[in-house]
Amino acid sequence: MRADMSSSKYQRIWDVVAEIPYGRVASYGQIARIAGLGGQARQVGYALHSTPDGLDLPWHRVINAQGRISFPKGSPSYRRQRELLEAEGIEFSNGRLDLTAYRWQPGDAELPKEYLEAEQNARKFSPRR
DNA sequence: CATATGACCTATG
DNA sequence: TCATAGGCCATAT
């Protein structure tokens with residue numbers, strides 16, 4: 001929807017984030033891999049930070065690989081993100097949520113099979129470009 | 001151009 | 001569980 005921002009390098013990242021469904025979460029590294037930026041999890045954080053106004057992304061559904069919110073605990077951003085997630089039925093326990101329970105997996109049909117396996121093994125970066 | 005920093009990740013001890 | 005180290009790369013100074 002929103003044309004003309006296809007010029008941004010972060011377009012693919014935004015596209016992926018936009019697909020995370022209600023009540024589900026994804027990690028930065030996961031987003032990076034799906035967007036074809038294996039190993040560049042940091043860029044996902046940057047992409048979200050520089051999200052243009054008007055682009056209504058479910059940014060709160062992106063958390064780190066430890067199942068924790070990546071903002072400093074107690075910061076306004078931390079609280080906002082946690083509220084949004086809890087409002088979607090996601091429960092926290094000791095500042096952490098259960099990734100095995102809430103992690104989003106893109107539709108099996110549209111995903112290369114090696115992705116799911118990679119998620120299981122998930123111990124190596126995808127080849128870049 | 002050289003460093004430092006960051007909404008990160010994995011491996012290892 | 002925590003700490004350290006190495007990797008990735010766009011931005012800031």
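Excluded from the calculations below are hydrogen atoms, water molecules and symmetry mates; all remaining heavy atoms, backbone and side chain alike, are included. For clarity, every value in this text was computed on a predicted model and none was experimentally measured. Numbered from 1 within each chain, the chains take letters A, B, ... in sequence-line order.
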Let me know the distance between OH of Tyr10(A) and C1' of dT11(C), rounded to the nearest Å.
8 Å
To the nearest angstrom, the CD1-C1' distance between Ile31(A) and dC9(B) comes to 14 Å
Would you give the length of the straight line joining atom CG of Leu55(A) to atom CD of Gln11(A), rounded to the nearest 0.5 angstrom?
7.5 Å
Taking both distances under 3.5 Å as the test for a Watson-Crick or G-U pair, what stems of at least three pairs does DNA chain B have?
B:2-6 with C:9-13, B:8-13 with C:2-7
To the closest 0.5 Å, what do you measure between OG (Ser27(A)) and CG (Leu99(A))?
7.0 Å
Starting at atom CG of Leu48(A), determine the distance to atom C1' of dT11(C), rounded to an integer number of angstrom.
16 Å
Separation of dG7(C) atom C1' from Gln43(A) atom CD, nearest Å, is 12 Å
What is the distance, rounded to the nearest whole Å, between atom NE2 of His49(A) and atom P of dG6(B)?
11 Å
Hey, does Ile34(A) have a side-chain heavy atom less than 4.5 Å from the side chain of Trp104(A)?
yes
Shortest side-chain distance from Tyr46(A), nucleotide among dC8(B), dA10(C), dA7(B)
dA10(C)
Taking the six-membered ring of Tyr28(A) as reference, does the cationic atom of Arg42(A) (NZ for Lys, CZ for Arg) lie under 6.0 Å from its centre and within 45° of its axis?
no
Using the rule given for salt bridge (Lys or Arg N to Asp or Glu O under 4.0 Å), can you reason through Arg24(A) versus Glu88(A), listing the C-alpha separation, both sets of side-chain angles and the distance that settles it, and then say yes or no?
CA-CA 8 Å; Arg24(A) 287 315 197 60; Glu88(A) 297 189 358; over 6 Å; no
Which label fits His49(A) and Tyr46(A): parallel for a plane angle under 30°, tilted from 30 to 60°, or perpendicular past 60°?
tilted
Of Ala41(A) and Ser50(A), whose nearest nucleotide on DNA chain C comes first from the 5' end?
Ala41(A)
Tell me whether the side-chain N/O atoms of Gln40(A) come closer than 4.0 Å to OP1 or OP2 in dC9(C).
yes
Using a cut-off of 4.0 Å on non-hydrogen atoms, how would the nucleic acid contact of Ser27(A) be classed: base, sugar-phosphate, or nothing?
sugar-phosphate
Listed nucleotide nearest any side-chain atom of Arg96(A), set dA7(B), dG6(B), dT1(C)
dT1(C)
Output the rounded distance in Å from CD1 (Ile13(A)) to P (dC8(B)).
13 Å
Which parts of residues 56-84 of chain A get close to DNA chain B, meaning a heavy atom less than 4.0 angstrom away?
Trp59(A), Asn64(A), Ala65(A), Ser70(A), Phe71(A)
With rounding to the closest Å, how many angstrom separate the C1' atoms on dA7(B) and dT4(C)?
22 Å
I want to check something: taking the side chain as every heavy atom from C-beta on, are Arg79(A) and Phe71(A) in contact at a cut-off of under 4.5 Å?
no
Mind running salt bridge (Lys or Arg N to Asp or Glu O under 4.0 Å) on Arg82(A) and Glu86(A) for me, showing each step along the way?
CA-CA 6 Å; Arg82(A) 179 156 172 168; Glu86(A) 291 180 327; 3.0 Å; yes
Please give, in whole Å, the distance from dA7(B) C1' to Arg42(A) CZ?
10 Å
For residues Leu57(A) and Trp14(A), determine if any side-chain heavy atom of one lies less than 4.5 Å from a side-chain heavy atom of the other.
yes
